[in-house]
Every structure is written in structure tokens, then in C-alpha cells.
Amino acid sequence: MPLNQTNRRLRLTAAIAVLPLAGGCGLFPDRSLDYREEPLGEPLQVPEDLSRASFESEYVIPQVRGDATVEQDGEFEIPRPPDLTGQIMENNYQVSRSGDLSWLIVNDVPGRVWPAISDFLNDRGVEVAYGDPRAGVQQSGVLNRSARVREWLGIDRLDQERPLILQVRVAYGVQSRSTEVQARLRVVEGSPGERLEWREDVEYAGREQRVLKDLADYLEANADTKTYSRVALDLPRDERVNRDREGGETQALELDLAFDRSWAEVEQVLGSMELTVVDRNRSEGVWYLDLRTEEQRSRGWWLWRYQAEAEINAELRLQQSTGGYRLTLVPRETLEQADRPAQVLDSLYESLR
């Protein structure tokens, strides 16, 4: 290789090697905070015939908790985003069950789900006798009169002597932008002349779950059919998960749900969080947790580090209270972090609602 060509390559290699050193020495200024000197832009102008509400609700900015300062001691630090993975459903139509109670969660608003349920019932040969979108309840006529419906629901001869009707209720789900659907089969005396009040007790658990599973399949197969009920969109949305705070820290969560629903909702969220559930006692309403972080459980030195066995250092308790159930987290003496229970309850709250 010619000498001059070799020298050129050596000079190029040396220049490349010096670039990182030059950046570290300040030859290339840090511009990460220059954005603060830029002037503010003009607010987005929305045409008069449009409404901000149509898009603002789709891009909600979460409330900032804690210190929102991005610069500390002259250093720029990007805030970590909130963990919203607990709010992601595995699919858009999910049937859950706890004890005898079953419910369908649809990843959509009630205004879309309501008319689709009417179509589903008609598709199964069920006559809708009463529909009240403001209450979110659709009620069938007597099911026993249709051979097709009897075959679908497995109504045998014994049941034929007991007139049955089907009620389907639509409501906002526990989590935002979701819809909850439940079904009830009820024994009636003849043909009801009005819509009956909704009852929470379950008599035909297996058949009601079948209705919801078939409904989930129908909704998924007809997902491209977009119809709305504006009245059903006005269904009341009651917050069924609330925080009890004292001194700036969360002391407990109040769940306006029955025990089966409360247990199932908390169980599902715990499965999506980085928490170690050592054991559980459903009859007592208790989860036994290890709240140590992965670093705290790590033992040994360097290449010989290992994870210590799980230990119970806190109890998550679900106890009956006025109007529902109260969720508290009781630490044991072995738990070193005093603020850890409040942090876990805050994470549960964000994931449940």
C-alpha cells in the first residue's frame, strides 16, 4: 500500500477517535434544554362546526402525581411515563367469571354495544319485549315458546313448565372506555306486562355464561358494523373504585362492587403488576404479598447473585364496608419500606379504574 494512502487512513482513524473526546470536552454544546427558550406557538384553531370534545377525549393527558420538575441541579431528566399496562385488555371481548357470576367486558362504549345486543337477540330468535336504554336493560318475552330458543339455551321439559325470560344489562365497565354486559334468566308467572327490576342473584349460572360467550363471538364477528344509540351513551357512569387518602397518602380503596366482582377485578390487576403473590385465601378475602423489589431480593456478589425465596411481608385485605368492599394493605414488621403500601395501593387504583 502506498505510504501517502496509509497516512490518510491513519489521520482519518485518529479524527474519528477524537470526536467522542471533543464532545465530552465541550466542543459540541449541550442543546437538550434549548427548547425552553423557544416562543410558545399559537393555540390550535378548531373550525366553528367542529368540537374539541370529539378528539380531546381520545388523547387524555394523565394527571401528574408527585414532583413534576424535569430539571434538578442543572441536569435534564425525562419523567418516566405511568404504567398503564394493567389497563390493556387481552382482547376486545372478554368473558370473566367468579363463582356463579359471569360478565362480558367489551372494549367500547355502551352506545355502540346497546344496538348490537338487540341484533344478537334477534339473530338467536329471541323476541325483545322491553328495551330501556336509559336503564341499560333489554328484556325478552317468554323464551319457552320458541323451539329454536329452547334448543339454544338447553331448556328441557322440566324448565318448559316454568316460563323463563332473559334480561341483558349494559353498563359502563369498571375501567374507563369499557362496557360491562350481564345476563339473567328469570322464572316468571305468565308474560310480564312490564320491564322487571334487575336482580343481582344468579339462578342459571351456566346458561347465562353461555349467552355472554355467544354474544362475545357475535360482537367480534360483526365488529365492522358501527351503529350507535345516543340514549345509551347517556347511561350514568358511577365511579366504582375510589381512594381513601389521608395526609397525602392512600390508606385504602373503596370498591362499589359485590365480593365476587371485587375479588376478580383485584386478582386480574395483580396478575398484570410486578408484585409477588405468595399465597391467597379467597374465603377470607386476603392476598399474601412479598413487596420487596427485585433488587432487595437479590443476594450474593456480582456473578454469584441469586434471588432469595419469596417471603410474606404484607397482606392485601378485601373486607366488606358500607355499599361495597374496602381494600387495605397491611404491612408486617419485616417490610422495610414504610411508603411501599401507599405506592402499591396507588398502582392498584390506576389499574382498576
Side-chain angles (χ1 to χ4, degrees), residues 83-91 94-105 173-175 178 180 182 200-202 205-206 208-209 212-213 240-244 249-299 306-353:
D83 183 10
L84 301 179
T85 55
Q87 301 181 17
I88 301 176
M89 294 173 54
E90 294 181 0
N91 52 65
Q94 182 173 308
V95 177
S96 300
R97 182 172 183 175
S98 181
D100 290 337
L101 182 64
S102 301
W103 63 96
L104 167 64
I105 297 297
V174 175
Q175 296 185 353
S178 67
E180 174 185 310
Q182 292 191 39
E200 296 295 338
D201 57 298
V202 175
E208 292 170 3
Q209 186 180 29
L212 295 177
K213 286 184 176 180
R240 291 189 277 180
V241 181
N242 294 283
R243 278 189 292 193
D244 182 3
E249 289 191 348
T250 301
Q251 304 297 320
L253 302 183
E254 297 288 348
L255 280 64
D256 186 16
L257 300 166
F259 176 81
D260 286 343
R261 283 299 309 279
S262 298
W263 179 270
E265 294 290 345
V266 176
E267 181 77 6
Q268 180 178 355
V269 169
L270 287 176
S272 66
M273 297 174 62
E274 295 182 358
L275 290 177
T276 302
V277 180
V278 182
D279 200 358
R280 52 180 58 78
N281 187 334
R282 188 179 187 280
S283 61
E284 297 293 333
V286 180
W287 292 268
Y288 300 95
L289 308 179
D290 184 349
L291 296 187
R292 292 177 299 171
T293 63
E294 183 176 351
E295 182 179 357
Q296 290 173 330
R297 295 180 57 188
S298 183
R299 296 288 186 268
Y306 66 96
Q307 290 297 108
E309 293 184 2
E311 67 175 34
I312 298 174
N313 49 43
E315 296 180 9
L316 185 63
R317 300 176 181 174
L318 184 64
Q319 299 172 314
Q320 190 170 10
S321 64
T322 304
Y325 282 82
R326 183 177 176 86
L327 191 66
T328 56
L329 188 54
V330 182
R332 294 186 177 180
E333 295 180 356
T334 54
L335 184 63
E336 299 177 357
Q337 295 174 282
D339 60 344
R340 183 71 170 141
Q343 294 174 356
V344 172
L345 287 175
D346 283 335
S347 297
L348 284 168
Y349 173 73
E350 296 295 340
S351 298
L352 282 170
R353 61 192 299 274

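As the structure is a prediction and not an experimental result, all values here were calculated from the model.
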Trace of the side chain to side chain contact (heavy atoms under 4.5 Å, CB included) decision for Q268 with Q94: CA-CA 12 Å; Q268 180 178 355; Q94 182 173 308; 3.4 Å; yes
For the residue pair [X] and [Y], what are the closest heavy atoms and their distance?
| X | Y | result |
| --- | --- | --- |
| L345 | Q251 | CD1-O, 3.6 Å |
| V174 | R261 | CG2-NH2, 3.5 Å |
| L352 | E265 | CD2-O, 3.7 Å |
| T250 | R243 | OG1-CD, 3.5 Å |

Rounded to the nearest 0.5 Å, how far does [atom2] of [Y] lie from [atom1] of [X]?
| X | Y | atom1 | atom2 | result |
| --- | --- | --- | --- | --- |
| I312 | D290 | CD1 | CG | 9.0 Å |
| E249 | Q343 | CD | CD | 8.5 Å |
| D346 | E350 | CG | CD | 7.0 Å |

With sequence neighbours left out, which residue pairs that include part of [range] fulfil the ring-ring contact (aromatic ring centres under 6.0 Å, His included) condition?
| range | value |
| --- | --- |
| residues 261-284 | W263-W287 |
| residues 328-353 | none |
| residues 311-339 | F259-Y325 |

Listed by chain and number, what are the side chain to side chain donor-acceptor pair (under 3.5 Å) partners of [X], not counting sequence neighbours?
| X | answer |
| --- | --- |
| Q182 | E180, R184 |
| E315 | R317, R332 |
| N281 | S283 |
| S321 | E254 |

- request: Tell me, with the steps shown, if L253 and N242 meet side chain to side chain contact (heavy atoms under 4.5 Å, CB included).
  value: CA-CA 6 Å; L253 302 183; N242 294 283; over 6 Å; no
message: Consider side-chain contact (heavy atoms from CB on, under 4.5 Å). Of L275, V286, V277, L289, which one does L316 pass it with?
response: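 With L316 as partner, L275, V286, V277, L289 yield a single side-chain contact (heavy atoms from CB on, under 4.5 Å), made by L289.
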task: Given side chain to side chain contact (heavy atoms under 4.5 Å, CB included), test L255 with R240 step by step and report yes or no.
output: CA-CA 6 Å; L255 280 64; R240 291 189 277 180; over 6 Å; no
task: For A314, check side chain to side chain contact (heavy atoms under 4.5 Å, CB included) against everything at least two apart and list the hits.
output: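 Counting only residues at least two positions away or on another chain, A314 forms a side chain to side chain contact (heavy atoms under 4.5 Å, CB included) with L291, L329.
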message: Working note: L327 + L348, criterion side chain to side chain contact (heavy atoms under 4.5 Å, CB included); need CA distance, chi angles, decisive distance, verdict.
response: CA-CA 10 Å; L327 191 66; L348 284 168; 4.1 Å; yes
Please identify each residue that fulfils salt bridge (Lys or Arg N to Asp or Glu O under 4.0 Å) with [X], with sequence neighbours left out.
| X | value |
| --- | --- |
| R340 | none |
| D201 | R199 |
| R280 | E267 |

Expected list for residues 98-105: side-chain donor-acceptor pairs under 3.5 angstrom, two or more places apart:
unit_1 : atom_1 : unit_2 : atom_2 : d
S98    : OG     : D260   : O      : 3.1
S98    : OG     : R282   : NH2    : 2.9

